[in-house]
There are 2 protein chains.
Amino acid sequence: MVMTSFRKTKAYENVLDKLKNYIKENELQPGDRLPSERELVDQLQVSRSSIREGLRAIELLGLIETKTGEGTFLRSYQSYRTLSLLAMFIFQDPNTKIDILEVKRLIEKEALKMAFASDRLGVVEQWEEIAQVKNGQTISKHRAFYQVVFQSAKNDLLEKMWRLMDEFVETFHVQQYSDRFYLKVKNVFVQDHYQEIEKIFETAEG
Amino acid sequence: MVMTSFRKTKAYENVLDKLKNYIKENELQPGDRLPSERELVDQLQVSRSSIREGLRAIELLGLIETKTGEGTFLRSYQSYRTLSLLAMFIFQDPNTKIDILEVKRLIEKEALKMAFASDRLGVVEQWEEIAQVKNGQTISKHRAFYQVVFQSAKNDLLEKMWRLMDEFVETFHVQQYSDRFYLKVKNVFVQDHYQEIEKIFETAEG
DNA sequence: GCATTCCATTGGTCTGACCACTCAACCACT
DNA sequence: AGTGGTTGAGTGGTCAGACCAATGGAATGC
């Protein structure tokens with residue numbers, strides 16, 4: 001008996017494949033609406049159950065968003081729920097925790113360098129606005145700080161990756177951000193000392 | 001009208017929560033079997049459709065594996081699968097192509113620095129072995145080169161991210177890797193000039 | 001012009017049905 | 001006792017159809 005280990009593709013996997021192509025062909029952007037579930041039934045010739053299995057799967061991934069009465073929409077990132085779910089499994093390997101922290105830190109450093117090169121003084125200006133307005137939680141201060149950075153770094157992918165990791169880290173690690181760190185970074189920017197960025201990150205702080 | 005932005009949790013999300021607890025309480029290990037879909041219907045008091053939406057979602061994530069006629073089984077987590085899923089959609093955005101190239105280059109640079117700090121001479125040694133053995137295509141030479149790097153950089157996440165980008169870049173961009181580049185990097189390693197790594201990447205080459 | 005009502009559309013959920021596959025218990029034959 | 005085939009219960013895979021709640025725009029009334 002020949003055992004051609006041939007895995008029959010499931011209906012919902014086909015749905016995802018078709019959906020991916022649909023998004024590509026129509027060049028859908030985050031926020032754009034996907035066809036309704038019932039329209040997809042007609043177009044893909046599978047039952048609504050299968051359609052929904054596929055949609056729920058990528059919803060969990062945070063790739064789409066559904067609104068009752070309106071429809072299904074593409075979105076760009078975010079899904080704290082999934083991350084906390086994955087966290088449980090990912091930490092079967094304790095090393096990944098360290099890896100994530102390391103990569104996140106690396107991204108922060110490089111993003112700062114990119115922002116520095118792109119719009120050094122503009123960044124400083126925005127940081128000062130934040131410092132005046134925001135007296136809120138340290139976590140939102142932290143995000144506001146880097147939002148400015150990524151806006152000037154002009155690399156959406158890098159920002160998406162950072163946000164994922166930042167949210168993920170939040171699931172297992174109480175992040176502490178010292179005001180000293182922000183101040184140090186700002187001074188480096190003000191004084192136009194590009195090389196110092198590397199050195200700041202060589203210390204344990206961050 | 002008060003708009004308490006209150007998101008009603010969906011049935012399949014509850015399923016996942018309960019399932020997570022079940023796994024935790026019973027200390028299920030990869031390979032262990034979960035309750036059948038029909039059993040879960042009884043236990044969780046939701047319809048089989050909702051059960052399946054949840055199961056299909058975490059199946060896509062690679063957390064479980066289903067075998068027709070047998071059941072649903074816990075699976076050892078495969079982070080690459082999750083990452084490639086996310087990448088599949090994130091990379092879809094045509095605007096990110098340039099971003100990907102930039103981030104990939106950034107990762108290569110930082111990985112080199114990590115490898116340098118970790119095992120400078122060991123890396124050089126392995127590079128020389130490659131140079132002798134491999135006379136094959138430039139693409140495989142390129143991958144072998146960085147495989148050595150990542151092995152010493154000791155960060156799996158970084159390597160996986162790089163692999164995804166490298167594979168993706170191949171689909172739209174003819175990668176050119178000049179022997180001169182490798183040689184330059186090797187020399188920097190041999191001569192123990194850590195600072196030069198940054199400078200190599202400041203040129204257009206790569 | 002504006003507020004209200006109404007209704008088609010959309011996602012959310014459930015029920016019940018049928019199929020293909022797996023595995024173990026059972027049975028018949030040697 | 002051992003072999004091999006049959007059978008049936010259980011499992012995931014898929015489907016059709018139904019009802020609900022929320023949404024938003026069109027029709028309506030003032």
Distances under 3.5 Å only, N/O to N/O: pair up the protein atoms with those of nucleotides 22-26 of chain C.
{"residue": "C/dC23", "atom": "OP1", "partner": "B/E70", "partner atom": "OE1", "Å": "3.3"}

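Rounded to an integer number of Å, the gap from CD of B/E13 to P of C/dT13 is 8 Å. Look at CD on B/E37: it is 18 Å from P on C/dC19, rounded to the nearest Å. Atom pair A/L34:CG and C/dT10:C1' shows a separation of 13 Å (rounding to whole Å applied). C/dT10 atom C1' lies 10 Å from atom CD of A/E39, rounded to whole Å.
If you check every strand for non-hydrogen atoms under 4.0 Å, B/E65 touches nothing.
A/D99 places a side-chain N or O within 3.5 Å of a backbone atom of B/D156 that can act as its donor or acceptor partner.
Contacts between residues 43-56 of chain B and DNA chain D, defined by a heavy-atom separation below 4.0 Å, involve B/R48, B/R52, B/R56, listed by number.
A/N26 pairs by the side chain to side chain contact (heavy atoms under 4.5 Å, CB included) definition with A/Y22, A/L28, not counting sequence neighbours. Remark: B/E125 engages no residue in a side chain to side chain contact (heavy atoms under 4.5 Å, CB included) (not counting sequence neighbours). Among residues two or more places apart in sequence or in another chain, the salt bridge (charged side-chain N to carboxylate O under 4.0 Å, His left out) test is passed with A/E159 by A/R163. Every residue meeting the side chain to side chain contact (heavy atoms under 4.5 Å, CB included) condition with A/S49, not counting sequence neighbours, appears here in chain and number order: A/S47. Partners of B/R33 according to the side chain to side chain donor-acceptor pair (under 3.5 Å) rule, which considers only residues two or more places apart in sequence or in another chain, do not exist here. Looking at residues two or more places apart in sequence or on another chain, you find no salt bridge (charged side-chain N to carboxylate O under 4.0 Å, His left out) involving B/D42. Residues passing the side chain to side chain contact (heavy atoms under 4.5 Å, CB included) test with B/K109 are A/E110, A/K113, B/K113, B/I197, B/E198, B/F201, sequence neighbours excluded. For A/K186, the salt bridge (charged side-chain N to carboxylate O under 4.0 Å, His left out) test picks out A/E128, with sequence neighbours left out. Among residues two or more places apart in sequence or in another chain, the side chain to side chain donor-acceptor pair (under 3.5 Å) test is passed with A/R120 by A/D192.
Here A/T72 does not reach the OP1 or OP2 of C/dT10: none of its side-chain N or O atoms lies under 4.0 Å away.
The aromatic ring centres of B/W127 and B/F189 sit less than 6.0 Å apart.
First and last contacting nucleotides of DNA chain D toward chain A (any atom under 4.0 angstrom from a heavy atom, 5' to 3' order): D/dG13 to D/dG24.
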